[in-house]
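All remarks here apply to the structure that follows.
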Amino acid sequence: MTTDPTDPSAPSTLVTGGLGFLATWITAGLLRCGHRVTLVDHRDPDGTPAQLSGITDHPAVTVACADVTEPGALDGLGASDHIIHMAAVLGVDKVRAAPTETLRVNIDGTAVALDHAARQPALRRFVLLSTSEVYGSRAEDAAEDGWLSVRTDDPRWSYAVSKVTAEAMTAARGTEAGLPYTLVRPFNVYGPLRTGAYAVGALARQAVSGAPLTVHGDGRQRRAWCHAEDFANGLVRCLYAPGAVGRAVNIGDDRHHLSIAELARLTNDIGGGAGIVHTPRTGPDIDLRKPDLTTARTVLGHEPLRDLHEGLRETVEWFRRGAGLLPLRLRRPDWSPRALGGPGAPAR
């Protein structure tokens, strides 16, 4: 199933931060499921993941320029059945350099998105993209119903603080006004079209250039790596699953739990790098991150499927080709509303 842009019954989904990496993969999935999608971003589309993927040219996609921190910025965009709020300042280097701006944008932007959601006459779901950093620096088999752990003693943690605040704001709207919300906590998503400073991308760039791959510290920091298509599939399921309302959901991949040193060796082998060098850490880091996916499995019916080796090869090759145009190919077999828990799906 693909979207017919002339079908008035097609669900309408608004995505803030819509030109970014995760939003691009999510939009590809939404289009496969028959949605009309409005992508809101403050940036020019040229050179963004959405533009590089080609989805900005899809007839069922509308691109709107707006600053989501400005009150009323979303009011001219019409009614939405679903809102996915993803707009945020992110990236360790950006966050460390501008903690005040991180807090302002991520908190004020959430307030504007929630105000807009409250004015939607038939809103089915508001999804807030949070972060697994809310679990602190050591999060092994972290479950959604446990206590969260954030710090304020280093600017690096301002992103996690902003997301805990955004979660609390969203839950408050659910309590006070009946907002049908879901909080999504992603765990280390990688894949083609992701730029910026993150481990897989940095290692892939170095490998294809023939340079040594840089590992900060001893490389024992562990992550559970999730392909972007698997993550997008899980998030789209949140729009359909009745049991996802009013709760947080971890979305990630607990099969691929590697240290940074192991990831570097694997990327070096795939990409043909010149070995590995260790450099001192430049600041605090996450030591351990692995999700408990019980909620995703039981409430959403979601299971990560994409293979890590295949995903890393796909990502390395994108960088080898210059990190340019890349029409997305969704490979999971369950991209349909019925398979994802929508109309016609068996009760869960």
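The figures here come from the full heavy-atom set of this structure, side chains too, leaving out hydrogens, waters and symmetry mates. The structure displayed is predicted, hence computed values, not measured ones.
A donor-acceptor pair under 3.5 Å is formed between the side chain of Thr182 and the backbone N or O of Ala244. No side-chain donor-acceptor contact under 3.5 Å links Arg281 to the backbone of Gly217. A distance-only check finds no donor-acceptor pair linking the side chain of Ser259 to the backbone of Arg220 [under 3.5 Å]. Side chain of Asn268 to main chain of Gly275: a donor-acceptor pair is present (N/O by atom type, distance under 3.5 Å, no hydrogens or angles). Looking only at distances, no side-chain donor or acceptor of Trp157 sits under 3.5 Å from a matching main-chain atom of Gly136. No donor-acceptor pair closer than 3.5 Å links the side chain of Ser53 to the backbone N or O of Leu328. No donor-acceptor pair under 3.5 Å is formed between the side chain of Glu101 and the backbone N or O of Pro99.
Heavy-atom neighbours of Arg151 CZ from other residues, nucleotides or ligands within 6.0 Å: at or below the threshold of 12. The number of heavy atoms from other shown groups lying within 6.0 Å of NE2 (His42) does not exceed 12.
In summary, of the residues considered (Lys163, Arg289, Arg185), a salt bridge (charged side-chain N to carboxylate O under 4.0 Å, His left out) with Glu133 occurs for Arg289 alone. If you run side-chain contact (heavy atoms from CB on, under 4.5 Å) between Thr69 and each of Val112, Thr110, Asp108, only Asp108 comes through.
Tyr135 and Asn250 form a side-chain donor-acceptor contact under 3.5 Å, judged by distance and modelled atom types alone.
A salt bridge is defined here as a Lys NZ or Arg NE, NH1 or NH2 lying under 4.0 Å from an Asp or Glu carboxylate O, and Glu310 with Arg313 fails to meet this definition. Between Arg306 and Glu314, at least one side-chain nitrogen of the basic residue sits less than 4.0 Å from a carboxylate oxygen of the acidic one, meeting the salt-bridge criterion. For the pair Asp254 and Lys290, the salt-bridge criterion is not met [side-chain N within less than 4.0 Å of a carboxylate O]. The pair Asp334-Arg237 meets the salt-bridge criterion, with a side-chain N (NZ, NE, NH1 or NH2) lying under 4.0 Å from an Asp/Glu carboxylate O.
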